[in-house]
Protein chains: 4
Amino acid sequence: MKNELRKAYQAVRSKTAAICHSLEEEDYVIQSMLDVSPPKWHLAHTTWFFESFLLKPHASHYRTFDPVFHYLFNSYYHSLGKFLPREHRGLLSRPTIKTVYAYRQHVDDHLLQLLDHATESVLQTLQPLMLLGINHEQQHQELLLMDIKHNLSINPTFPTYQTNSPSVITKKTPSVLPMEFSYIEKSIAEIGNAGLSFCFDNESPPHQKILNPYVIANRLVTNGEYLEFIMDAKGYDNPRWWLSDGWDYVKKNHWQAPLYWHDIDNKWHLFTLSGLTELNLAEPVAHVSYYEADAYARWRNCRLPLEEEWEHFVSLHNIAPSSGHFMETGIYHPTLAAAMDAKLPQQFFGDAWEWTASPYLAYPGFNALDGALGEYNGKFMINQFVLRGGSCITPESHIRTTYRNFFQPDKRWQYSGIRLAANP
Amino acid sequence: MKNELRKAYQAVRSKTAAICHSLEEEDYVIQSMLDVSPPKWHLAHTTWFFESFLLKPHASHYRTFDPVFHYLFNSYYHSLGKFLPREHRGLLSRPTIKTVYAYRQHVDDHLLQLLDHATESVLQTLQPLMLLGINHEQQHQELLLMDIKHNLSINPTFPTYQTNSPSVITKKTPSVLPMEFSYIEKSIAEIGNAGLSFCFDNESPPHQKILNPYVIANRLVTNGEYLEFIMDAKGYDNPRWWLSDGWDYVKKNHWQAPLYWHDIDNKWHLFTLSGLTELNLAEPVAHVSYYEADAYARWRNCRLPLEEEWEHFVSLHNIAPSSGHFMETGIYHPTLAAAMDAKLPQQFFGDAWEWTASPYLAYPGFNALDGALGEYNGKFMINQFVLRGGSCITPESHIRTTYRNFFQPDKRWQYSGIRLAANP
Amino acid sequence: MKNELRKAYQAVRSKTAAICHSLEEEDYVIQSMLDVSPPKWHLAHTTWFFESFLLKPHASHYRTFDPVFHYLFNSYYHSLGKFLPREHRGLLSRPTIKTVYAYRQHVDDHLLQLLDHATESVLQTLQPLMLLGINHEQQHQELLLMDIKHNLSINPTFPTYQTNSPSVITKKTPSVLPMEFSYIEKSIAEIGNAGLSFCFDNESPPHQKILNPYVIANRLVTNGEYLEFIMDAKGYDNPRWWLSDGWDYVKKNHWQAPLYWHDIDNKWHLFTLSGLTELNLAEPVAHVSYYEADAYARWRNCRLPLEEEWEHFVSLHNIAPSSGHFMETGIYHPTLAAAMDAKLPQQFFGDAWEWTASPYLAYPGFNALDGALGEYNGKFMINQFVLRGGSCITPESHIRTTYRNFFQPDKRWQYSGIRLAANP
Amino acid sequence: MKNELRKAYQAVRSKTAAICHSLEEEDYVIQSMLDVSPPKWHLAHTTWFFESFLLKPHASHYRTFDPVFHYLFNSYYHSLGKFLPREHRGLLSRPTIKTVYAYRQHVDDHLLQLLDHATESVLQTLQPLMLLGINHEQQHQELLLMDIKHNLSINPTFPTYQTNSPSVITKKTPSVLPMEFSYIEKSIAEIGNAGLSFCFDNESPPHQKILNPYVIANRLVTNGEYLEFIMDAKGYDNPRWWLSDGWDYVKKNHWQAPLYWHDIDNKWHLFTLSGLTELNLAEPVAHVSYYEADAYARWRNCRLPLEEEWEHFVSLHNIAPSSGHFMETGIYHPTLAAAMDAKLPQQFFGDAWEWTASPYLAYPGFNALDGALGEYNGKFMINQFVLRGGSCITPESHIRTTYRNFFQPDKRWQYSGIRLAANP
């Protein structure tokens, strides 16, 4: 176990650094909006997590790298003390990037040392914390890519994060897999995770849900289909399809299309991590808010799936994460539903997170973790919606059938897309 | 049926006016915060509702009282055209109150005429609309009292709306009924309303829910019990018990107690519709937000009940609305749980709306009404929580077991209280 | 003197009430924007002024009408204690209008009694305070009309304050007096008021200013001339003519014309105290901000006059207030420059306040009044500009050659117009 | 002349770079508040200035370094096209610092080439533009140091910009020169600059002002003296001394002391470019707003000097800039008034800009420069106050007796201090 932990730890830590490899120093510093954190902050915060939950409580004689980092890089754990207000993260020029990397090294050294010297019983304590830290860092890997994209997107020069993204550039669009719906009859579904291997507290405990009959689509909604909502239905000019809060948000923020869409000389373009490209109509739409996903679905006489419908369907069909396109492809962009695999349900994993109609709530009998780690998930179970399945920038090893992501309904800087469902 | 409708219509219309009877003219005009509407506006808007959904479509030759009222008194129905922004409601000195009452008379006259002359088949069309209009006006009766209370509350002179409220003034506090919890085992509950008599669209369709075992309290939380959260737990100074959004809200708005509590010379007072009184520790706490209710429950190692648990328990025990204290008492203030009825579950109906842990969502298979009336409920199913049971200012005839009220989690100018539940 | 004071007091008090005579009760209550106060508040505040500066210090045994009024109706005198935040003035339904009128009567009774019983030496103390109170109330008469106009203007029904305004309705526009400029050579001007009769502290002490040669126009700029700036110069779309702050303000607030101008079906209309009328091109433009006045002047290759130029020119030509159209005409709207009097400089007094290029500053050697009254003027000598000459709603007896009015450069709900000047 | 221009150009350009020498890369990027610009932006904007006003119009065949820079680095010249909103300056990670330095080199190369090849007549055109560009860059040198200081000041680690600042560290405070006032009798002063050598347009034309008798202090107010206002007069808790706008600002922003003062364990500290130090009571107070300067003066029964009094006094006594401590000392911090020179007026130049009581206005007969350069100064003559004399971070060669600096009255991130004056 020790060896596995060591390897997993080193792998995740070096992957995080690798994500930042192509950044300019200046890219590490900025915070383009409140939701975004500077890459530098992510590098330090994930390190602070290991320091705070493993080294400080469990490594005797550990000396912290710099005491002020506890204030700077605590994200939101009130029980650990005061922390820098979120809106100040992009105002910090110090510590420098170099110092932050030194901080990472310092913690890595001590953590591996702690691991090496751990007795079996100590290891029993360390292991769940290590796994949590590793999964936490994977979450920040995805956030890093989301935040880098947004940081670059607001620059009038449209900088590129990477250049090697053939799939994005391809112009000959294959025919799109026709959208079809599977019918599932009324059933009692087993939902949630029993925790035999690592999962977050919010996936537990397992429980039953009555599911009414539903239909669910075989693939994600494409850019081309979403464009019809914009152009044909004048979707952004008509309150009819929108939740009240959503419509207010649309008007106040002058939304006219998903995030990263640009109408340049009457031609739709998309800002991607590989720069500005023409909009590929066959790709799944991404970077839509819950409000947009919900309005689109209503216009189609559909609705978004419940999270239990999604989980039930995926279990029923034994759809595995390995079927999806994840961060490991290095493409960092949603890919087309494969027409050749037309028989299989497509894109349940990877490509784009799927908004569900389910508010993010505690499962019946939910217990948050003890201590400060209880703040990890539970206190955010308010005014957010669950997304399922991971995206093109999620690490494949991070995701599973019971995994619950969550965001406020106005958020759209994640790769969030739409799968339709309906009442039969 | 015609006669019943006529009587019900006249009753609700005259009750609304009666609520305003003791107001000064100036009280009709102001809007103390964005959530509040001026009494004058309520009087006109409820009238506009009958005009727009009954007279205009169904009374041939009906001439509108004043065409600009359609802009002024449409609340939020986009499909009926543009409307006055909510924040402007308190800036209108015209139409005058006198004109608004004339508008009410005009619509009453034409509506009763329409009813009188309706054939049986026309009556089939009118009846559901009449019932909706009547129930709509009842909702605004409650809002009127809520808004009058808030409008007066911000006045440094603490004006009184009514003087005859013996129960509030009483000082000899009876002993408080001890709080006890009933245990309910795992079950499948039948939730929702089949619509045999009037109900709102959001109560349908009926459906089943799996309920895990739960316990639920026999009465509402009292002011005295809530005070312990403030004084003993320092609840408003400790993020530990709060949802993240809730804590941010508390800090930003400097909340230190429920709405209408005033610490005057180190003695807690309460602003009521009968003026400022000393806080009665035996009364149910009211005017708390979801955030406060949730934090209080967590501090007690409890949680708020799910709406299906509440509905299930009430059905199981055949608790009827008639058991509660409603608007009809004229007290307009929550009353004590009756210690003499200690065997019965108390206060499920009336006194104070009970925050549930359930976000306000569509029931499976929900269909909004057709046309503009589809905007009545459905578009608000976002970022709100369900409250159950009605309050001391709800008309008794308005409430039922399946009734779902809903507010954003920060709102607290309604009479909203706390019933505790827990996982066994 | 006693008799004169009594008469002056009674006259000003009854005039204030007369201004409100045609209001509906509801009109007394609202506050359409932060700058505006509800009419009810003006009625009470002017009364509070006499109570606070005359009755309380000088009438032994005087009992205040209601102690809380000191908090409610103190405008901004910190040295007299805390006061209601300005933005809350429109949220007060109590005291009622009836009570406010009773308050006025109470203070009137006691003040006249105080006056009647005053010995000669007491009278010496009272007289300057009486005069200040009377002039203060005259200022609020003008504010009342300004505020009533704004309060009504934001109502979609465009209510009228008065109906009898023949001059506004007249359609046959007389020929406009050609604009001509007088040349004044370099001089040393005597500026300010020696205080032999009543004046405000900000008009003193008298002092000398060197004036460079200047030219100044014989009349105010008309609506027709200002319209050229809008239509021909596209003045509201071109930053070229604007001060930096002004341009920012224009863009942020989407200004396209002076306040109260409405483009209805491509025809310019004007909201007046007599309702909505077609724009009369021959009338002086009013309700422009300093930013607009300054931009207009720059576009004309002119500038606004300095306050010392204005005062110097008026003194030089012995122009008297009696030459102007003031509140006493009852028209409450600017009138045309009389072409028949073409030889005389027009409109220096009355019609519209004239923005000067002079920031509102203390004159050399300025001393504010002692005590709380020192807050009357001095503390506002920041970020405001001087206006001269009075308007169509200024009482004629209130104005004089040395009178200095002042507003922030973005304000335009007063009757503020433009007189051009230039360097020769 | 060509040689002098070349040398002056090279000197100012290399000095700007030298100021940034000790910065970390990350320090170049951030914008700690709206008033501040990232150092990177200053480096590029000053370069853009030469490119736009010299190379583009006068260097045939000049090819711009990157066309998008015209959008990114235009500060506020509307006549040159749209520009990046000020609040976005700190959100740009690209162009990188390296690219910005390459841009500087590119423009330097072309500009020196243009200069070298200029005929005598071309040189006549270039010279005033070169001088303007050089003076413009000097202004940004001061802004750079102001902005670097503010950028570092908000960092909880209190980073130091420089370490070698002996005068700041010195603890043995020499005795402070006693404050004395010179009396100047009524006079007519010659104000302004005839433009024989370089000056800004706002210093012209020369003109006369009548000065009433005044007294003016022999040195700046010290930290110790200002501390009395805080501690003894409770200046920040008493509205009595403040302009109305100032008091509102103090309350809204919770000011309790000048900017950069920190009360740490009941001991006052000062954040400086050399880090956090104990407050030296003998040093001149700096980083106060106009509001604070004015309130302090009023508390002392004094006032701030008029700009014409300051200029008149300096002329009268032949006080030269060379008497002051400027940027060239490298100390970047105000120094003590020298007690040994007690006979001489102290600190009129250097150390800290002196707030005057004069709003920033056009001099009589002022003409802005032609074309886009007319936007340099004129459009800001609104709601600002004049400061005189330069500060410890002003280049000595940049300042002169007639020089007019200007800021809004709430600004305090410049080294702005207080000299007292009064009416005799």
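To find a chain, count down the sequence lines: A is the first, B the second, and so on, and within it residues start at 1. Source: prediction; values computed, not measured.
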Between C/Leu243 and chain D, with a heavy-atom cut-off of 4.5 Å, which part of the residue counts as in contact: side chain, backbone, both or neither?
both
Non-hydrogen atoms of chain C under 4.5 Å away: do they reach the side chain of D/Tyr76, the backbone, both or neither?
neither
Neighbour count >12 (heavy atoms, 6.0 Å) for atom CG, C/Asp232:
yes
Which of C/Leu361, C/Leu306, C/Leu211, C/Asp294 touches chain D most, by non-hydrogen pairs under 4.5 Å:
C/Leu361
Using non-hydrogen atoms and a 4.5 Å limit, figure out which bit of C/Asn383 sits close to chain D: side chain, backbone, both or neither.
both
Locate the shortest heavy-atom distance separating C/Asn423 from D/Gly365; write the atom from each residue and the value.
ND2-CA, 3.5 Å
Are there over 12 heavy-atom neighbours, none belonging to D/Arg240, within less than 6.0 Å of that residue's CZ?
no
With chain C, the option among D/Glu375, D/His207, D/His78, D/Arg298 that has the most non-hydrogen atom pairs under 4.5 Å is D/His78
First locate atom CE of D/Met381, then atom OG of C/Ser244, and finally report the distance between them rounded to the nearest 0.5 Å.
12.5 Å
Top contributor to chain D interface from C/Ser358, C/Ser79, C/Pro359 [non-hydrogen pairs under 4.5 Å]:
C/Pro359
Please classify the contact between D/Tyr291 and chain C as side chain, backbone, both or neither, with a heavy-atom cut-off of under 4.5 Å.
side chain
Between D/Pro364 and C/Asn212, what is the shortest heavy-atom contact and its length?
CB-ND2, 3.1 Å
Let me confirm one number: the NZ-NZ distance from D/Lys209 to C/Lys209, rounded to the nearest 0.5 Å.
5.0 Å
Compare every heavy atom of D/Gln208 with every heavy atom of C/Ile210, then report the nearest pair and how far apart it is.
CD1-CB, 3.7 Å
Go through the atoms of C/Trp247 and report whether side chain, backbone, both or neither lie under 4.5 Å from a heavy atom of chain D.
side chain
Using heavy-atom distances under 4.5 Å, tell me whether C/Ile188 contacts chain D through its side chain, its backbone, both, or neither.
side chain
Above 12 or not: heavy atoms from other molecules or residues under 6.0 Å from CD of C/Glu87?
yes
If one checks every heavy atom of C/Tyr290 against chain D at 4.5 Å, the contacting part turns out to be side chain
So with a 6.0 Å cut-off around CG of C/Asp370, is the heavy-atom count from everything else above 12?
no
Begin with the C-alpha distance, continue with both residues' side-chain angles, and end with the deciding distance and a verdict on side chain to side chain contact (heavy atoms under 4.5 Å, CB included) for D/Ile382 and C/Trp242.
CA-CA 11 Å; D/Ile382 180 81; C/Trp242 297 82; over 6 Å; no
